[in-house]
2 protein chains.
Amino acid sequence: MVCASDRKMVAILLLRHSPYQNHLLAALSAEVFERIEPHLEFVAMPLGDVLYESGGQLQHVYFPTTAIISLHYILENGASSEIAGVGNEGVLGVSLFMGGNTTPSRASVSTGGHGYRLKQRLMMDEFNRAEHMMRLMLRYTQALITQMSQTAVCNRHHSVEQQLCRWLLLTLDRLPTNELTLTQELIASMLGVRREGITDAAGNLQRAGMISYRRGHITVLNRIGLEKHACECYGVVKKELCRLLPETGKTHHAERFSK
Amino acid sequence: MVCASDRKMVAILLLRHSPYQNHLLAALSAEVFERIEPHLEFVAMPLGDVLYESGGQLQHVYFPTTAIISLHYILENGASSEIAGVGNEGVLGVSLFMGGNTTPSRASVSTGGHGYRLKQRLMMDEFNRAEHMMRLMLRYTQALITQMSQTAVCNRHHSVEQQLCRWLLLTLDRLPTNELTLTQELIASMLGVRREGITDAAGNLQRAGMISYRRGHITVLNRIGLEKHACECYGVVKKELCRLLPETGKTHHAERFSK
DNA sequence: AAGACTCTGTTCGATAACGCACATAGAGGG
DNA sequence: CCCTCTATGTGCGTTATCGAACAGAGTCTT
């Protein structure tokens with residue numbers, strides 16, 4: 001029988017599906033991990049899937065590996081904005097262990113992929129039983145809080161173009177490639193602006209040589225350029241994540257924030 | 001010797017300073033409360049006082065009674081926005097027990113008054129030792145998360161006038177009177193908009209008979225009207241707070257959200 | 001290969017908020 | 001009581017984003 005850390009290496013080397021692709025799961029102690037592993041359920045998360053509806057009861061927490069989940073709030077008039085995103089660095093469903101069980105926002109898949117989920121009951125048992133799990137989850141929650149506050153300030157003070165840069169970078173950090181598969185329409189609904197605004201901004205970035213795109217695909221050509229063009233918000237969110245969860249390791253890119 | 005609940009009644013009847021004026025402290029079990037009471041330090045919180053600076057180390061958590069604290073984020077260019085407010089319904093310094101110890105925002109007093117504080121060390125001891133304290137703090141933190149997300153969406157989609165209504169209502173809920181003592185300039189910096197924008201919006205509300213104001217003082221005349229005029233955001237934040245912390249009792253007003 | 005559909009580019013006027021300049025008017029200190 | 005300081009009111013022109021309408025272009029289906 002191989003031990004947990006061996007399996008971790010194997011999974012990474014082969015780039016097969018593995019719970020270790022999620023940074024939080026990977027940061028668990030061997031003891032905790034081995035206890036929950038049998039209960040981790042591998043799930044497909046196709047684009048658009050709604051994992052929970054505003055006010056609904058949470059049955060699971062989700063640890064995305066290749067998928068990205070968007071938490072967004074839908075106003076009475078139908079307008080909406082993304083409040084935060086959750087990728088392989090995090091977990092969906094913090095309200096479960098925070099004690100609220102529901103939140104007034106919707107969680108839907110913004111980048112199709114896979115992930116693992118854990119039943120509410122098991123998560124709570126673990127949270128209450130293992131100091132380690134609780135600390136990790138609370139620190140992640142604080143990183144999420146940072147992301148939300150930053151979104152609030154950014155919405156008020158920065159241009160659509162700057163926000164687009166921030167959003168692209170945050171999304172890129174959760175992907176293994178430098179190509180995003182999504183339409184301008186979708187990005188617009190994430191940022192809560194008009195689709196035309198994204199067309200404008202993306203056009204500018206393309207002319208500046210930072211990105212290149214075609215129907216439903218965006219390739220980032222110059223990451224450093226994007227970072228310079230983005231507002232400070234990206235850096236703050238990134239730095240806080242690294243500070244709060246150093247054991248989750250560095251993301252694919254963005255080494256300059258990993259200090 | 002009087003017991004805790006006797007003292008609570010006495011404090012309320014006499015309207016003297018008492019830790020029970022803070023809803024979270026009041027919601028603690030007698031056992032926990034009696035343990036921390038000797039360590040609660042009564043502090044004055046004059047307008048403008050900075051309780052902590054972005055990135056600074058937290059030495060205490062603060063439980064406001066009559067003061068209101070504003071968490072705001074200050075951008076590199078000096079612009080700023082309030083991300084959330086903390087009054088007698090809450091506690092300042094959640095990052096302490098969430099495990100981060102610092103947050104990238106500034107906390108300053110937006111309405112002068114008083115409160116109690118507890119040393120970091122004692123707070124942590126209690127958090128780790130008493131299940132009750134931990135649950136309460138986590139549920140409050142989730143309410144705070146709701147407030148932050150709502151701020152993000154509100155910043156994007158609602159007019160200055162609607163936001164002013166929301167802000168007035170939230171502030172009013174934390175005060176025993178229906179008069180706020182602050183300048184338009186100050187409100188503007190809270191909402192992250194121009195002072196002239198507030199002058200406009202406040203003028204409209206006054207003409208509509210909902211408020212009346214003079215230099216540095218705003219009196220709310222028609223609370224129901226304000227609620228109707230505000231965006232949905234106020235109600236959502238309020239309802240979540242009541243849902244998550246029912247034991248903190250209803251606020252002075254806003255009974256319609258206490259369902 | 002053709003057609004349908006969806007995504008992207010572009011236009012136009014409308015609107016909300018900004019930035020600045022300056023006038024007026026309370027409030028508090030000497 | 002006057003004077004000064006600061007808060008509030010108002011009027012510009014400027015800018016960013018919105019809202020709606022439509023043309024072109026890619027992609028997928030049949």
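Chain A is the first sequence line, chain B the second, and so forth, proteins listed ahead of strands; every chain is numbered from 1. The structure displayed is predicted, hence computed values, not measured ones.
Looking at Glu196(A), its side chain comes within 3.5 Å of the base of dA20(D) through a donor and an acceptor atom.
Of the side-chain N and O atoms in Tyr213(A), none sit less than 4.0 angstrom from OP1 or OP2 of dG26(D). Close to dA17(C), at under 4.0 Å from its OP1 or OP2, lies no side-chain N or O of Arg194(B). A sub-4.0 Å separation between OP1 or OP2 of dT6(D) and a side-chain N or O of Gln184(B) is absent.
In this structure, His158(A) atom NE2 and dC18(C) atom P are separated by 14 Å, rounded to whole Å. The separation between Glu185(A) atom CD and dT8(C) atom P is 8 Å, rounded to whole Å. Atom CG in Asp200(A) sits about 9 Å away from atom C1' in dG9(C), given to the nearest Å. The separation between His217(A) atom NE2 and dT6(C) atom P is 16 Å, rounded to whole Å. Computed from coordinates, the His157(B) NE2 to dA17(C) P distance equals 14 Å when rounded to whole Å. Following rounding to the nearest Å, Leu205(B) (CG) and dG9(D) (C1') show an atom-to-atom distance of 16 Å. Distance Asn155(B) CG to dA16(C) P: 18 Å, rounded to the nearest Å. In this structure, Arg207(B) places its CZ atom 12 Å from C1' of dT10(D), rounding to the nearest Å.
Over its full length, the helix from dA1(C)-dT30(D) to dG30(C)-dC1(D) turns its helical axis through 40°, comparing axes from the five pairs at each end and rounding to 10°.
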Going by atom type alone, with no hydrogens or angles, which donor-acceptor pairs under 3.5 Å involve a side-chain atom of residues 190-200 of chain B and a protein atom two or more places apart or on another chain?
from      : atom 1 : to        : atom 2 : distance (Å)
Arg195(B) : NH1    : Thr199(B) : OG1    : 3.0
Thr199(B) : OG1    : Gln184(B) : OE1    : 2.6
Thr199(B) : OG1    : Arg195(B) : O      : 3.3

* To do: Under the side chain to side chain donor-acceptor pair (under 3.5 Å) rule, what do Ser81(B) and His157(A) come out as? Steps first, then yes or no, please.
  => CA-CA 9 Å; Ser81(B) 282; His157(A) 295 285; 3.0 Å; yes

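Nearest nucleotide to the Thr199(A) side chain, out of dT17(D), dC18(C), dT8(C): dT8(C).
When each of Gly203(B) and Val193(A) is assigned the nucleotide of DNA chain D bearing its nearest heavy atom, the one mapping closer to the 5' terminus is Gly203(B). Each of Gln206(A) and Arg156(A) lies near DNA chain C, and the nucleotide nearest Gln206(A) is the one positioned closer to the 5' end.
Using a 4.0 Å heavy-atom criterion, one finds that Gly197(A) contacts no nucleic acid atom at all. As judged by a 4.0 angstrom heavy-atom cut-off over every strand, Gly216(A) is placed among residues touching the sugar-phosphate backbone only.
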* Where along nucleotides 22-30 of chain C does protein come under 4.0 Å, by heavy atom, of base (B) or sugar-phosphate alone (S), with - for untouched nucleotides? -> ---BBS---

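Side chain of Gln57(B) to backbone of Thr102(B): no donor-acceptor contact under 3.5 angstrom is found.
Annotation: Phe42(A) is in aromatic contact with Tyr116(A) [ring centroid separation under 6.0 Å].
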